[in-house]
2 protein chains.
Amino acid sequence: MRLESTLNEPTRPDQQPRTPSPRPGGRSARVRADVVAATLAEVAEKGYDGLTAEAVAARSGVHKATLYRRWGGIDGLVADALTASADQPWPLPDTGDLQEDLRRITQEVFSVFTDPEQSPTPTALISAAQRSDAGAAALRDFFTARHHQAAEVAERAVTRGELPAGTDGAEVIRAATAPLYYRLFVTGEALDARTAERAADAAALAARAGLFASIPTDPEPDTAPNTPDQ
Amino acid sequence: MRLESTLNEPTRPDQQPRTPSPRPGGRSARVRADVVAATLAEVAEKGYDGLTAEAVAARSGVHKATLYRRWGGIDGLVADALTASADQPWPLPDTGDLQEDLRRITQEVFSVFTDPEQSPTPTALISAAQRSDAGAAALRDFFTARHHQAAEVAERAVTRGELPAGTDGAEVIRAATAPLYYRLFVTGEALDARTAERAADAAALAARAGLFASIPTDPEPDTAPNTPDQ
DNA sequence: ATCGTAATGCGACTGAAGTCGCATTACGAG
DNA sequence: CTCGTAATGCGACTTCAGTCGCATTACGAT
């Protein structure tokens with residue numbers, strides 16, 4: 001999961017014309033790229049409470065007042081950085097088996113947020129995003145995009161006949177990854193590879209049982225059929 | 001899930017002698033109670049970024065400098081408020097059926113965080129806790145305590161023969177509640193009753209399949225062998 | 001009742017976040 | 001090339017979070 005911005009290099013002019021400014025190809029774009037890059041670098045280094053408008057201004061070479069004018073504050077900087085990351089394409093596994101695909105996805109999440117090299121930026125970014133409405137909205141969009149992309153894994157499983165028709169693919173993804181994010185961003189508990197695997201397996205199991213189908217195949221998936229009692 | 005402090009009423013002297021101060025029964029205790037109560041009230045009213053040391057000082061009648069001396073800042077206030085909530089006993093369902101117990105638990109979480117009357121305090125408290133090391137530690141302790149308490153639901157199921165021996169009860173609870181917290185505190189998506197129910201059902205299903213047993217009953221609950229490659 | 005000590009009250013001080021008005025620069029159109 | 005305009009640079013100013021030294025109060029022990 002890449003949260004780095006597309007705009008790291010000032011030489012890419014109009015990748016993200018979200019604010020259709022009258023000067024999309026010139027200095028404004030350069031400024032935006034520099035600022036987003038500086039924001040990501042700062043947030044990775046100092047964490048989200050160490051994130052300062054002055055530091056971003058100093059690092060990017062853009063005046064502090066400009067930051068406040070264009071982004072309205074730290075919140076906007078974070079939101080913009082997140083938005084820039086949202087439409088990043090994302091390599092999806094396609095092993096032909098839902099459980100294995102989900103395992104790879106949760107494994108990927110695990111890797112990113114466990115690797116001290118990669119984790120700081122996305123971790124700080126997600127934490128920072130929760131602090132403002134703008135950030136929260138950007139974060140919601142970000143995850144919506146991710147869920148939508150990753151849902152393909154489940155949709156392929158439906159096509160294969162592995163999952164019941166009408167299965168909500170995004171919901172399968174949420175089920176698989178939620179336990180990881182829950183530990184990372186709510187309880188603060190440690191994360192291990194086995195947890196990642198179990199989460200994927202549990203999601204695959206529930207999906208196969210039809211729990212994520214719009215009209216559940218079997219509303220009460222326990223009781224009679226499979227009661228693996230001991 | 002009650003996150004309110006035990007120390008709302010200044011007339012309870014030594015309920016929480018965490019800091020074994022030389023004067024546990026006197027003014028210090030009163031001050032702490034007032035401050036914790038004021039913190040909860042403030043955080044509920046103004047959210048976690050509206051939480052100000054000065055406001056807490058004003059509301060509690062305690063000087064600002066005292067707050068910084070005893071609690072070290074907003075972080076400490078939040079952490080203390082959380083700590084005070086951690087050992088609150090918590091009514092557990094006991095319906096004789098794991099799935100139903102889990103449903104009631106997730107339903108309870110859903111209710112608390114959906115009800116505009118109850119949600120502000122715990123929501124803001126959890127968000128605020130993630131902003132500092134002290135808060136994060138207190139939050140971890142809080143959830144550890146909650147998981148441990150709620151694990152009884154799974155342990156009873158083991159006793160009943162409903163779940164395989166060696167099942168990690170806390171893990172079952174985490175699996176059941178994670179999707180809710182994931183939406184509430186990570187993605188910011190809306191939460192509905194059906195999601196709560198599905199999460200409980202999925203957790204029950206996975207638990208019955210032995211996914212949360214220390215030595216999984218059936219490590220690969222689907223397909224025959226596991227050939228990770230295609 | 002008295003005294004020593006710790007905790008609190010108090011107000012001034014520091015530093016940084018965020019704002020404002022104005023000067024300057026750079027883009028884009030003609 | 002020239003000009004109009006929008007964006008940025010600039011520095012001072014306001015505001016508030018957080019700190020410090022000292023005076024005062026209240027607790028607990030003798």
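Each chain gets a letter, A, B and so on, in the order the sequences are listed, and its residues count up from 1.
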In Å and rounded to the nearest 0.5 Å, what is the CD to CZ distance from B:Q149 to B:R146?
-> 5.5 Å
For A:W71, which of A:T66, A:T39, A:D80 qualifies under side-chain hydrogen bond (donor to acceptor under 3.5 Å, both in side chains)?
-> A:D80
Is it the case that more than 12 heavy atoms not belonging to A:D115 sit under 6.0 Å from its CG atom?
-> yes
Side chain of A:R69 only, please: which of D:dG21, C:dG21, C:dG18 is the nearest?
-> C:dG21
Just compare C:dC10, D:dG18, C:dA17 and give me whichever is closest to any side-chain atom of A:T52.
-> C:dA17
Picking from D:dA7, C:dA17, C:dG9, which would you name as closest to the side chain of A:R70?
-> D:dA7
For A:G72, report the nucleic acid contact type (base, sugar-phosphate, nothing); a contact means any heavy atom under 4.0 Å.
-> nothing
Quick one: B:D34 CG to D:dA26 P, roughly how many Å, whole number?
-> 15 Å
What's the closest nucleotide to the B:H63 side chain, out of C:dG11, C:dA17, C:dC20?
-> C:dG11
With both distances under 3.5 Å as the test, what is the Watson-Crick or G-U wobble partner of D:dG28?
-> C:dC3
Pairwise 5' ranking along DNA chain C for A:E54 and A:A65, keeping only the more 5' one = A:E54
Against the side chain of B:T66, the closest entry in C:dC20, C:dT19, C:dG9 is C:dG9
Closest to the A:Y68 side chain: D:dG11, C:dA17, C:dG11?
-> C:dA17
Going by distance alone, is a donor N or O of one side chain under 3.5 Å from an acceptor N or O of the other, for A:D192 and A:T195?
-> yes
Quickly work out the A:L67 CG to D:dA7 C1' distance and round it to whole Å.
-> 13 Å
Among D:dC20, C:dG18, D:dG9, which nucleotide sits nearest the side chain of A:K64?
-> C:dG18
Measure the distance from CZ on A:R32 to C1' on D:dA6 and round it to the nearest whole Å.
-> 18 Å
Check the side chains of A:D141 and A:T144 for a donor-acceptor pair under 3.5 angstrom, ignoring hydrogens and angles.
-> no
Would you mind pulling out the nucleotide paired to D:dA23, Watson-Crick or G-U wobble, both distances under 3.5 Å?
-> C:dT8
